[in-house]
*Asks:* 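So that we are looking at the same thing, I have put the structure below in structure tokens.
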There are 2 protein chains.
Amino acid sequence: MDERARHLLKSLIEQHIAKGVPVGSRQLARDAGLNISPATVRNVMADLEDEGYLISPHTSAGRIPTHVGYRFFVDALLRVVPLSAESNRLLIHRIGFRAPDAEQVLHAATGILSELTHMAGFVRVPRRATRILRHVDFIALREREVLAIFVTDKGDVENRLIRTEQPFGAAELTQAANFFNATYGGRPLQDVIHNLQRDLQQSRHEMDRILRSAMELGEEMLEEDQQRMLIEGEFQWLDLPELAGSERLRELLAAVRQKRDLVHLLDESMRGSEVRLFIGEESGYAPLSDCSVVSAPYSVDGEVVGVLGVIGPMRMPYQQIIPLVDGTAQLLGRALSQSG
Amino acid sequence: MDERARHLLKSLIEQHIAKGVPVGSRQLARDAGLNISPATVRNVMADLEDEGYLISPHTSAGRIPTHVGYRFFVDALLRVVPLSAESNRLLIHRIGFRAPDAEQVLHAATGILSELTHMAGFVRVPRRATRILRHVDFIALREREVLAIFVTDKGDVENRLIRTEQPFGAAELTQAANFFNATYGGRPLQDVIHNLQRDLQQSRHEMDRILRSAMELGEEMLEEDQQRMLIEGEFQWLDLPELAGSERLRELLAAVRQKRDLVHLLDESMRGSEVRLFIGEESGYAPLSDCSVVSAPYSVDGEVVGVLGVIGPMRMPYQQIIPLVDGTAQLLGRALSQSG
DNA sequence: CTTGGCACTCAACCATCATGAGTGCTAGTA
DNA sequence: TACTAGCACTCATGATGGTTGAGTGCCAAG
């Protein structure tokens, strides 16, 4: 592909992103800034179409980029602009300076992504598999009901009600918690569960029931964790002419509610530390075949713990979205590192 | 209004609920079962229109009920059918038999409301103002970071990170927690906050900083509580021809995201113990002027703690929705009473 | 009071037509 | 050889106008 073709492709995609309608040869010839006639542009476009970068919705309707075209665009043509001062200030204001607890920071990040991009924003919450168990508490709520509370080193708190067969007194429970903390505290959660399983098989202590339930809670924390994802701003999709009023929108909404496959896709993108794009069919996930996902992993204390980003139409202003997602990921990581 | 007019109004509304289109005199005359000509029906309908129960979208389009019409319908004409055995079984299955923790039960209730009614379901979560403080824990996460955990008698757990100026050791924190529990444990949360404020003004204990933060946390629990509402299934509104593709849908979505006014409306409906309906403009809340809200308060241990229900078009099958919302409220109350 | 009849209204549907944006192709030009 | 002008063709879009059918209001007769 020669220089001129690249320039035209870039110009076409930019126009299509801006306007949302197919771009014709006349307009492209005018706006591309080259002194070139529409006919010449048509020749170039025909070539680009042959090579799979463009497609015509119908015979006389100009061209729109394919996912291959977008891919080439972002890889080879796009110059990512740095985050605007205004956006940056907003990000810092919304994420950086408010860290009362991790959950709220995550919510704030999801919201701000959606607001600034006018698309759906998501945050895959930190996984706790490698988190360290900080503290366990057993509290007697009523007869035969014990509330178990787990705290990890990052301040995540998880709790669960356990029904027991015998009643336990407060003193007994405190003792159990002390034992638990002394034995398993300060170890990674998965180790705790593993050891607990082993230990429970050996001993037949009267506390077994509670410990076993605590173990299940721990397992659940790891398990549930697989699915946890915040998503916000799906309603922004209503504005998009390419989706609006069709079955596709419904499918998409159902898909993000389902979350399962989406989470799988995102876990993929947690490898590496860069912003990553899934354009159209690239995600390999049918309901997303008209959409793009821009994601970036975020790190706490140097370790990648989650991923965030936005989901929107293929036609999205990548040059702004990419730095925004990137910036949000970095700020979120920093905010979480601070807040623990 | 005579017996015949009532019968026709009832029949008209039922047909409109079923079909969603304006009902004309011919069809109404046929389906009402009375041996009456369309012309007669027209006379009756004209009267009903004068009295504000019906309205014509345009000159030749049959009639649809106004919110006054629906109100009369539900108050005077509707015979609520008992919950179908199938729905009841489903409810019990989804809410009754699963009570690992309160949060999940609430989510389950929201989901099942939305699923069974094909509308948006909501659950206003229990308010904790009157809850009794069961247990407080302070855990040192890092230097100068303390995690405070509150547990109420119903098993709600709330946590918050507190930054302190001086570092605290684990022993100190344990001592502080013990003191806190001894002094304030077993009292209603609002009393705790009140007393705490008083006590802090009097004494200048070295623990003040932590206690003050704990107090703030307590206040926040009550505060944030004002806003908490789960809502699910807004996307069901996409199916409705009366809303679809219009600005109204957008407004509605924005309104439920905002929550504030909605929560206010629902708090109103917590007085009393019956199912309550807000039909159209009755809610006094503009974005809901095309919608109805069916709500029912739910009680734990005899005390009303929250309210749940559905939000959908005025044209909803009230005879099924009402018992469903009612039943869900009762089951939820029971489930929460069990699970603590 | 009820009913049949009649004139009228109006949304919805359909076919038709003009418009204009856009294309591919070809032949001529720099 | 690369570019351009011209031309015939395609096709979505939007306007126009007629038809249909459901529905109404009103009136006069039963």
Side-chain angles (χ1 to χ4, degrees), chain A residues 1-9 11-16 18-66 69 241-242 244-246, chain B residues 1-9 11-16 18-66 69 241-242 244-246:
Chain A
M1 197 186 309
D2 66 0
E3 188 49 44
R4 192 179 59 181
R6 292 160 64 103
H7 182 89
L8 284 174
L9 180 59
S11 192
L12 185 148
I13 294 182
E14 281 168 355
Q15 279 188 48
H16 181 252
K19 300 280 173 53
V21 290
V23 182
S25 56
R26 189 200 316 274
Q27 201 190 1
L28 187 54
R30 185 157 29 80
D31 291 8
L34 310 170
N35 259 343
I36 268 183
S37 80
T40 311
V41 171
R42 282 203 286 280
N43 289 331
V44 178
M45 286 165 98
D47 290 347
L48 289 171
E49 183 165 359
D50 286 346
E51 292 163 53
Y53 297 108
L54 302 177
I55 195 170
S56 299
H58 60 86
T59 318
S60 69
R63 263 102 170 178
I64 58 177
T66 62
E242 47 259 76
S246 74
Chain B
M1 195 188 307
D2 65 359
E3 187 49 44
R4 192 179 59 179
R6 294 160 63 102
H7 182 88
L8 283 174
L9 180 59
S11 190
L12 184 148
I13 293 182
E14 282 169 353
Q15 279 186 49
H16 181 252
K19 302 278 175 54
V21 290
V23 182
S25 56
R26 191 204 312 278
Q27 201 190 1
L28 187 54
R30 186 157 27 81
D31 291 8
L34 310 171
N35 260 345
I36 268 183
S37 81
T40 310
V41 171
R42 281 202 287 280
N43 290 331
V44 178
M45 285 166 98
D47 291 348
L48 288 171
E49 185 165 358
D50 286 345
E51 292 163 51
Y53 297 108
L54 301 179
I55 196 171
S56 299
H58 59 85
T59 319
S60 69
R63 263 102 171 181
I64 58 177
T66 63
E242 47 260 75
S246 76

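Chain naming here is simple, since letters A, B, ... match the order of the sequence lines and numbering starts at 1 in each. Atom set for the values below is all heavy atoms of this structure, side chains included, hydrogens, waters and symmetry mates excluded.
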*Asks:* Looking at D/dC3, I'd like to know if its phosphate oxygens (OP1 or OP2) sit under 4.0 Å from a side-chain N or O belonging to A/R4.
*Replies:* yes
*Asks:* Is it the case that the base of C/dG24 and the side chain of A/R42 share a donor-acceptor contact (distance under 3.5 Å, atom types as modelled)?
*Replies:* yes
*Asks:* Looking only at the side chain of A/H58 (C-beta and beyond, no hydrogens), which of the listed nucleotides D/dA5, D/dA12, D/dG25 gets closest?
*Replies:* D/dA12
*Asks:* Which nucleotide wins on minimum distance to the side chain of A/T59, given the candidates D/dC3, C/dG22, D/dC11?
*Replies:* D/dC11
*Asks:* Within the structure shown, what part of the strands sits under 4.0 Å from B/D2 by heavy-atom distance: base, sugar-phosphate, or nothing?
*Replies:* nothing
*Asks:* Of all the nucleotides listed (C/dT9, D/dC3, C/dT2), which has the minimum atom distance to the side chain of B/S60?
*Replies:* C/dT9
*Asks:* Nearest heavy atom decides the nucleotide; on that basis, is B/N35 or A/V23 closer to the 5' end of DNA chain C?
*Replies:* B/N35
*Asks:* Give the rounded distance in Å between these two atoms: CZ of A/R26 and P of C/dG20.
*Replies:* 11 Å
*Asks:* Using the side-chain heavy atoms of B/R63, tell me which of these nucleotides is nearest: C/dT3, D/dT24, D/dC3.
*Replies:* D/dT24
*Asks:* Does atom CG of B/L34 have more than 12 heavy-atom neighbours from other groups under 6.0 Å away?
*Replies:* yes
*Asks:* How long is the line joining CD1 of B/I64 and C1' of D/dT24, in whole Å?
*Replies:* 16 Å
*Asks:* Above 12 or not: heavy atoms from other molecules or residues under 6.0 Å from CG of B/D2?
*Replies:* yes
*Asks:* Is any side-chain heavy atom of A/L54 closer than 4.5 Å to a side-chain heavy atom of A/L9?
*Replies:* yes
*Asks:* Would you check if B/I36 and B/R4 make a side-chain contact, meaning some heavy-atom pair closer than 4.5 Å?
*Replies:* yes
*Asks:* Taking the minimum atom-to-atom distance to the side chain of A/A46, which one of C/dT23, C/dG24, D/dG25 wins?
*Replies:* C/dG24
*Asks:* What integer distance in Å separates B/Q27:CD from D/dA22:C1'?
*Replies:* 10 Å
*Asks:* Choose from D/dT24, D/dT4, C/dT3 the nucleotide whose nearest atom is closest to any side-chain atom of B/N43.
*Replies:* C/dT3
*Asks:* Please tell me which of the listed nucleotides, C/dG5, C/dT23, D/dT4, lies nearest to the side chain of A/M45?
*Replies:* C/dT23
*Asks:* Whole Å only: how far is the CG atom of A/D47 from the P atom of C/dG24?
*Replies:* 10 Å
*Asks:* Let me know the distance between CG of A/L12 and P of C/dG22, rounded to the nearest Å.
*Replies:* 11 Å
*Asks:* Of the nucleotides C/dT23, C/dT3, D/dA5, which has the atom closest to the B/T40 side chain?
*Replies:* C/dT3
*Asks:* Would you indicate whether the side-chain heavy atoms of B/M45 and B/L28 approach each other to under 4.5 Å?
*Replies:* yes
